[in-house]
Every structure is written in C-alpha cells, then in structure tokens.
Amino acid sequence: MKTIFEDIIILMLGGLLVSLKLMNQLSFYVRSDYFMFTFVAGLVLVCVGGVKLVWDICGRENEHHHDHEHASGLTLLAAGIVVIACFIIPRKPLSAQTAIRRNTQNTFMTSSLSNTLISKPQGSPLLEKADTSTYTIADWISLFFSDPEPENYVGKSVQVEGFVQPHPDGTFAVARFMITCCAVDATPISLNVDSQKGSLKDDEWVRVTGVFQVKNISGGRVLVIQPTKTEKIAVPANPYFY
Amino acid sequence: MQHVVQLSPLFSDAATIFYAILIEALPFIVLGVIISSFLSVFVKDAWLLKLIPKNRLFGHITIACFGFLFPVCECGNIPVARRLIAKGVPTSQAITFLLAAPVFNPIVILATYTAFGSIAPELVVLRVVVSFAIALIVGLILSLIKDQRSLLTSQFLVLCETKEHTAQSLKAKLYAVLHLMTSEVLQVFGALLVGSFIAALISSFPRETIFSYVNSPLSAIIAMMILAFVMTICSTVDAFVALGYATLFPMSAILAFLVFGPMIDIRSLSMMSTTVKPKVLIMVTAIVTQLVLIASIGYSLFGS
C-alpha cells in the first residue's frame, strides 16, 4: 500500500512541475534558464510515477518482493501536503512587502546621492542617448551606480514597468526584483515616483511614463519620476530581472 | 484559476521562497537519483570499488575528484553518496565526496571563473584548492574512526544491508530502478522540505540584521559564512550571488562564502541527516567551520 502512495506522490510532484511550466508560472520561482530543465524533470517524475503505479497495480506477482527501503510515513505525509498545498494556494511573485524588508538600494539612492560625492560632469554616454525611455528599472539602477549625480538625470524621459511599492508618505515607487537563481536571492530595485498612490493598490503592476526630477527630501537630494501617465498592466511573463 | 484561499503578502512571499527552493532543487535531485539508481542496479559493486585505491590518502583523493564524473550540485550528490556507501565505500570517503564535489566539478569552476575571472582570478584558484583540501582533511579525520558503519543512521543501514540486485532479468532490473528512483526522490525531497522551510522563514527577515555588526575582516568573514548557511543556494550559481557582495566586503569574506556555502548550509545538512548520524554532522560542521576560518583569515592577512 505504501508503494502505491509513493507512486502517487511522485506522480503529483511531476505533475506540479509540468503544470507550473504549462501555466507559465515557473517564472515566479526560478529564472528562465531553468524552465526546460524543470519541465523535463517533471516529465521524468510523471513517467516514473505513472509507469510504476500501473506496474504495482497490475503486475504485483511479477515483482520480487524482498524488503525494499521505503520513505517514512511522515515523509510521505509531508511531501503530499506540500504538493497539494501548491495546487491550492494562490501562486504569486514576491510582493512589495518583501521589497521593503529587503531594501538596501533606497538608502543608496538618498544618502549617497548627496553633495559629498564627486559628480561626473560629463555624464555617462548612455545618458546622452536621445531616447532613454526604453531603459528598464535595472538599466537605470546600473546607470546610477556608474554616475550617481542626480542633476545629470533631470529631464530625461522615463518609461518603466514594475509593481507598486508604497512609501510611508503616501507616494510610491515602481519596483522590480533582480534574481540570480531563484526567488531566495531576490534583491529589490525601485525608482521613486513623485505622485500619491491614489487608487493604485500595493503590488499592482504599472507602467509609469514621465521625466526625472530632483527633489529635496529631509536635506538629501532624491531622484524621482515626475509622472505624466501611470497605467495598470498585466503581470509580465518574467516578473523578475536576471 | 480561481483560488479559494487568500494569503497575506508576507505569508505568500514565504510560500513563494519555499517553493522556489524546492523547484530549483528538484531537477538536480532527479538527475542525481537517475545516476545513482543506474549506478546501483547496473554497475557491479566490485567494479566500482576497484576504481578507488586502497591507500587511505589516495582513496580520499580519488573520491574527491568524483565530482568530475557526476557533475551535479549538492542536491544531486546526496543520492549518489548514499549509493556509494551502500556499495561499500567507507563513510569518510562519501563525506569527502559530498564536501568536494559541489565545487570540484567543471560546471561550478566555470561559473566561478565567469563571475570572478576578471576581478579576482586568484579567488577562483583559491576556492577550488581550499575546498578540495578541506574535503580531504575532513575525510581523513573521519577515516580514523574504525567502525565506519557506526556513523550511519539506522534507517540508512537497513538499506545498506539489502543485497546487490542479483536479479538478472532486465524487467526485474527495470523495476528495481523505478523503485529506487521513487523512494530516493521522496527521501531526499522530504529532508529538503525541512531545510527549505527554515530557509524561507529566515529569508523573510530583513537582511541588514546580519550586516549591522560588520566592521572588520573577521566579522565580514563570519557574516558571509552565516549568509551562506542561511541562503542555501546552489553551488552552480553562488558565485554570481557572491559577486553582489564583492564591493561591500573584502575578498577573504567572499572566499569564506564560496567555500563554506557548498559544504555546510541548512539544505545540505538536512539532506545529509538522512544518511549520517547527527553527531557526525556536528563534527563535520565544526571542522569545516574552523578550516574555512583559518583559510580566509590567512587570505586576508597574506593575500590581497
């Protein structure tokens, strides 16, 4: 009987991986390089579990039944619960709450953008490009690392997509996560938006269009997007940057 | 899809992280289990044992190089190591394999070189050499224990006692492979659940708490070791994660992260616990921690 349970759980485990791939939800958990690998592993598990289940039910007399090792009952129960739970609970990418908890970049954005930093008067060649509206949040953040002088960004046009991360003062930031391998190592990055959150909900995905401005907030100069348009969009196929 | 259950964001994020660890690890477990099941049923014990020299030192050196034969990461290595022990390889050598293989294999060396080859080439060499040396030292120390089987858990000993699959018919062999695959995947997966659960809980805490006390090379080394232990990321990608900390911390702390993480973290300890007794885990952790500390402090004093 235990053998049958083992087969069913393996079958469900494989089914879970396959269904995550087919429903395009693997991107909530791991980076796209792993999609095929995960899918194939799922198929292998489905085949192993399926074939063995049929074998165990139909051809019991064929098998040599000396004492094979089995997973413990507790392991089976835990594995079963975990797999079934993943089918029941809503699957979502990481939320703004985790972005706020893991935030290290916003401190960078405000404190190190102060006057004490040596500014690069020339600016980065990427900044000189006429149309900067194709840059993603990740592009902007890496630009800030090479050129942290906020004045160099004033007036540049921005169009970025991300989720709404609320600020305590009622404004919000448009945010994304960067991942190296999976959601465990997700690091949030965000751009501040100089606008009240209004009817936008936390974690809602938006496309913010506008230009950069510098604002004085409690003595520090902070780069913010002066939005001209904020539209709601669907969760993108790859919610994380790699 | 309509969902009956609604979760608060923090709980939902913990679930996302929990399943992310499982989903990321599962394909590697499956790969490892495929290798180990075929190893078990189709490769003769005697043939495999002949491959490993009798001499204690050379035996451990040979097995430390097995990572090049089975280039899978930590999750895939556990089933392979279990199979090696069941085939008669001493427990100390299996531990050496478990500690060395996650770093001493072509994929991980290439990934480390990609990440650090241009900014700190010596780090790539140091990671490989130090990991290899530590794996060897830990194995040699454990090999001093006479009764190698006394290191194993009782459940795992039951498996070891079952004889080699002498059944000759291909059908019987195929069934044996299928059976091994299901039970091994479930056992390793079950252990992984515990590790992922703890890792998901911990990673919901703000990360700054780890870093708030960092003010010297030594505290940076310790902080990065704690981070490696907690993050439990796969050795094939940890070099890229470490790259993110290369600007914050001295290279000695990055070395500690890259050597300690693949050997000892929440996930690998919980998976090893399926096979060896807790006291062995404590011993291995203690020895590895000290050796990593010595190596990284040495690097911070004499290197860079």
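A, B, ... follow the sequence lines: proteins, then strands. Residue 1 opens every chain. Side chains included, hydrogens not; waters and symmetry mates left out as well; all remaining heavy atoms used.
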Is [X] in contact with chain A via its backbone, its side chain, both, or neither, using a 4.5 Å heavy-atom distance?
X: B:Leu22; result: side chain
X: B:Tyr19; result: both
X: B:Leu192; result: neither

Shortest non-hydrogen contact between [X] and [Y], atoms and distance:
X: A:Pro93; Y: B:Asp13; result: O-OD1, 4.0 Å
X: A:Glu6; Y: B:His179; result: OE1-CE1, 4.3 Å
X: B:Tyr175; Y: A:Lys52; result: OH-CE, 3.8 Å
X: A:Val30; Y: B:Ala20; result: CG1-O, 4.1 Å
X: B:Ala15; Y: A:Ile89; result: CB-CD1, 3.8 Å

Could you tell me whether [X] atom [atom1] has more than 12 heavy atoms of other residues or ligands within 6.0 Å of it?
X: B:Phe197; atom1: CZ; result: no
X: A:Phe35; atom1: CZ; result: yes
X: A:Lys201; atom1: NZ; result: no

For this session: Run the numbers on A:Phe37 and B:Leu26 for side-chain contact (heavy atoms from CB on, under 4.5 Å), then give the verdict.
Result: CA-CA 10 Å; A:Phe37 191 28; B:Leu26 256 173; over 6 Å; no
Seminar exercise, completed: dist B:Ile23:CD1 -> A:Leu20:CG (nearest 0.5 Å) comes out at 5.0 Å
Exercise. Between OG of B:Ser12 and CZ of A:Arg91, what distance do you get to the nearest 0.5 Å?
Worked result: 12.5 Å
Exercise. Where the side chain of B:Thr16 meets the backbone of A:Lys92, is there a donor-acceptor pair that is under 3.5 Å apart?
Worked result: yes
Would you call [X] and [Y] a side-chain contact if the rule is heavy atoms closer than 4.5 Å?
X: B:Val185; Y: A:Leu13; value: yes
X: B:Phe11; Y: A:Gln97; value: no
X: A:Leu45; Y: B:Met181; value: no
X: B:Phe18; Y: A:Val82; value: yes

Tabulate below the donor-acceptor pairs under 3.5 Å that side-chain atoms of residues 235-242 of chain A make, not counting sequence neighbours, or state none.
unit_1   : atom_1 : unit_2   : atom_2 : d
A:Asn238 : OD1    : A:Tyr242 : OH     : 3.3
A:Tyr240 : OH     : A:Phe28  : O      : 2.8
A:Tyr240 : OH     : A:Leu94  : N      : 3.0
A:Tyr242 : OH     : A:Ser32  : N      : 3.2

For this session: Using the test side chain to side chain contact (heavy atoms under 4.5 Å, CB included), find all partners of A:Ile8 that sit at least two apart in sequence or belong to another chain.
Result: A:Ile4, A:Met12, A:Leu53
Problem set entry | Between A:Ser95, A:Ala41, A:Ala183, the one whose heavy-atom pairs under 4.5 Å with chain B are most numerous | A:Ser95
Exercise. Of all of A:Asp7, A:Thr75, A:Ile10, which one pairs up most often with chain B through heavy atoms under 4.5 Å apart?
Worked result: A:Ile10
Exercise. Is it the backbone or the side chain of A:Leu26 that comes under 4.5 Å from a heavy atom of chain B, or both, or neither?
Worked result: side chain
Problem set entry | Part of A:Val48 lying under 4.5 Å from any heavy atom of chain B | both
For this session: Give the C-alpha distance, both sets of side-chain angles, the deciding distance and a yes or no for side-chain contact (heavy atoms from CB on, under 4.5 Å) between A:Tyr29 and B:Glu24.
Result: CA-CA 8 Å; A:Tyr29 303 96; B:Glu24 206 247 321; over 6 Å; no
Seminar exercise, completed: Ranked by heavy-atom pairs below 4.5 Å to chain A, first place among B:Leu178, B:Asp238, B:Leu193 goes to B:Leu178
